[in-house]
Amino acid sequence: MSAFKDNLLAGMTAFVAGGTSGINLGIAKRYAALGAKVAVAGRNPEKAANAAAEIGGGALGLSCDVRDYAQIRAALEEAKDKLGPLDIVVSGAAGNFVAPALGMSANGFKTVVDIDLNGTFNVFRACYDLLAPNASLIAITAGQAVNPSMMQAHVCAAKAGINQLIRVLAMEWGPAGVRVNGISPGPIAGTEGMARLSPTPESDKAITARIPLRRFGQVEEVAESAVFLVSDSARYVTGTILDCDGGSQLGDARDRQAAGGLS
Ligand code: NAP
Ligand code: COA
């Protein structure tokens with residue numbers, strides 16, 4: 001069930017970096033279903049073409065690496081030329097692997113920071129002069145930005161940087177009418193991110209037991225948050241990070257009584 005009416009984004013153009021799979025593809029599909037013209041971008045051209053076909057409605061599937069400023073700029077320019085000035089830009093490209101800091105080379109750490117944090121700067125910096133009036137930008141962050149998590153030094157550092165980048169850009173670009181917000185999804189079912197972080201049914205169960213709402217989220221639920229933030233209902237919302245996570249960031253919510261106490 002969605003509270004949003006079918007033509008909410010009619011006449012608008014949305015660019016979703018990292019929108020060729022998972023959560024970001026879900027966001028792109030929802031924007032298109034609400035009437036927006038949509039471009040999605042990822043490294044793999046075949047995956048991008050398939051995602052565009054899945055979205056339908058003349059969606060563009062573009063190939064670029066967000067670590068390369070010239071490549072992301074070219075993709076954003078192509079989207080603007082073909083679909084019009086950008087009303088919505090989502091920066092969601094990310095990389096993750098599970099490793100302790102001592103199992104991570106300098107290049108392994110740098111790779112994730114380059115995709116997530118530097119990639120988000122690149123996307124937002126490169127799109128600025130291609131934006132429509134009153135444009136809305138969203139960065140996809142994660143709970144690791146706030147809660148230190150072992151085996152995730154690279155992601156924790158990168159996503160924490162993204163949270164601050166969101167706030168600084170909201171301050172600098174607010175006077176021009178550009179809103180900048182973030183979404184922090186919790187564990188989302190059926191995604192590459194969760195396949196990496198929780199590889200077995202047992203680990204799924206252990207994670208679910210800690211979440212206040214006692215379940216993984218759905219891609220479609222994150223997409224609803226992404227619609228709210230770009231909608232007129234959020235016109236006075238900028239510099240905020242919306243946790244769409246079933247309460248995950250509140251802490252470990254296992255049933256202590258059933259477990260026999262706090263130990
Ligand atoms: P996913 O399916 O792996 O999506 C990642 C997307 O980014 C793909 O489109 C991928 O396409 C693209 N990408 C990766 N590296 C890129 C690069 N260097 N340049 C351009 N595009 C690149 O991941 P997901 O699990 O849905 O996660 C999506 C977002 O949600 C991420 O920002 C993630 O940190 C965040 N998040 C996810 C969860 C979760 O439960 N899954 C929880 C919290 C936050 P190519 O591989 O073709 O480049
Ligand atoms: N443990 C330790 N180091 C690892 C690793 C792992 N599991 N996986 C990759 N690395 C290291 C590599 O060894 C390399 O370092 P080195 O040159 O010192 O050997 C470095 O990370 C870069 O790896 P490479 O495979 O060249 O990077 P890439 O740019 O092709 O891919 C990744 C980036 C590694 C993040 C890859 O997993 C990816 O493309 N992920 C996108 C999808 C994803 O992660 N989705 C979930 C989003 S939350």
Side-chain angles (χ1 to χ4, degrees), residues 15-29 39-52 54-55 61-69 71-72 75-76 90-120 122-123 126 138-147 149 151-156 158-160 162-163 182-199 204 207-208 211 215-219 221-223 225-226 241-246 248-249:
F15 182 102
V16 183
T20 62
S21 63
I23 293 171
N24 307 316
L25 174 57
I27 292 171
K29 283 162 86 170
V40 289
R43 288 165 302 175
N44 181 326
E46 199 182 326
K47 197 170 148 187
N50 290 340
E54 192 178 328
I55 295 165
L62 303 170
S63 172
C64 70
D65 191 323
V66 294
R67 291 171 285 192
D68 182 321
Y69 189 86
Q71 284 189 32
I72 183 66
L76 287 156
V90 177
S91 174
N96 195 1
F97 54 81
V98 175
L102 292 178
M104 213 179 266
S105 67
N107 190 44
F109 183 86
K110 179 179 181 296
T111 295
V112 170
V113 173
D114 273 350
I115 301 171
D116 292 32
L117 176 57
N118 298 337
T120 296
N122 289 344
V123 171
I138 297 176
I140 308 299
T141 178
Q144 289 97 320
V146 179
N147 301 307
S149 179
M151 322 286 279
Q152 292 281 274
H154 46 3
V155 175
C156 289
K159 295 291 194 184
I162 289 177
N163 284 16
I183 296 175
S184 180
I188 304 301
T191 58
E192 181 61 31
M194 279 320 289
R196 290 174 185 228
L197 291 171
S198 179
D204 284 356
I207 292 170
T208 306
I211 303 172
R215 64 174 177 85
F216 278 17
Q218 302 295 319
V219 165
E221 291 171 330
V222 183
S225 292
I241 292 156
L242 177 50
D243 299 331
C244 181
D245 68 352
S248 300
Q249 280 194 57

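Atoms within a ligand are numbered from 1 in the order they appear, just like the ligands themselves. As a basis for the values below, the full set of heavy atoms in this structure was taken, side chains included, without hydrogen atoms, waters or symmetry mates.
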Which bit of A17 is near ligand 1, meaning a heavy atom under 4.0 Å away: side chain, backbone, both or neither?
neither
Residue part near ligand 1, for K47, under 4.0 Å between non-hydrogen atoms
side chain
Test your reading of the structure: does A41 have an N or O sitting under 3.5 Å from an N or O of ligand 1?
no
Quick check: does A142 get an N/O under 3.5 Å from an N/O on ligand 1?
no
Tell me which one of P185, C244, G42, G26 gets a heavy atom nearest to atom 43 (C) of ligand 1.
P185
A student comparing S21, A139, S198 should find that the heavy atom closest to atom 2 (O) of ligand 1 comes from S21
Could you list the atoms of ligand 1 found under 4.0 angstrom from a heavy atom of [X]?
| X | answer |
| --- | --- |
| G92 | 29 (C), 31 (C), 32 (O) |
| N24 | 28 (C), 29 (C) |
| I140 | 29 (C), 30 (O), 32 (O), 35 (C) |

Part of K159 with heavy atoms under 4.0 Å of ligand 2, whether side chain, backbone, both or neither:
neither
Going by the 4.0 angstrom heavy-atom rule, the piece of R43 near ligand 2 is side chain
Looking at V90, I72, V40, which one forms a side-chain contact (heavy atoms from CB on, under 4.5 Å) with F15?
I72
Heavy-atom nearest neighbour in the protein, as seen from atom 14 (C) of ligand 2, with distance rounded to 0.1 Å:
N107 ND2, 3.9 Å
Ligand 2 N/O within reach of E192 N/O, cut-off under 3.5 Å:
no
What atoms of ligand 2 come within less than 4.0 Å of a heavy atom belonging to S105?
15 (O), 16 (P), 18 (O)
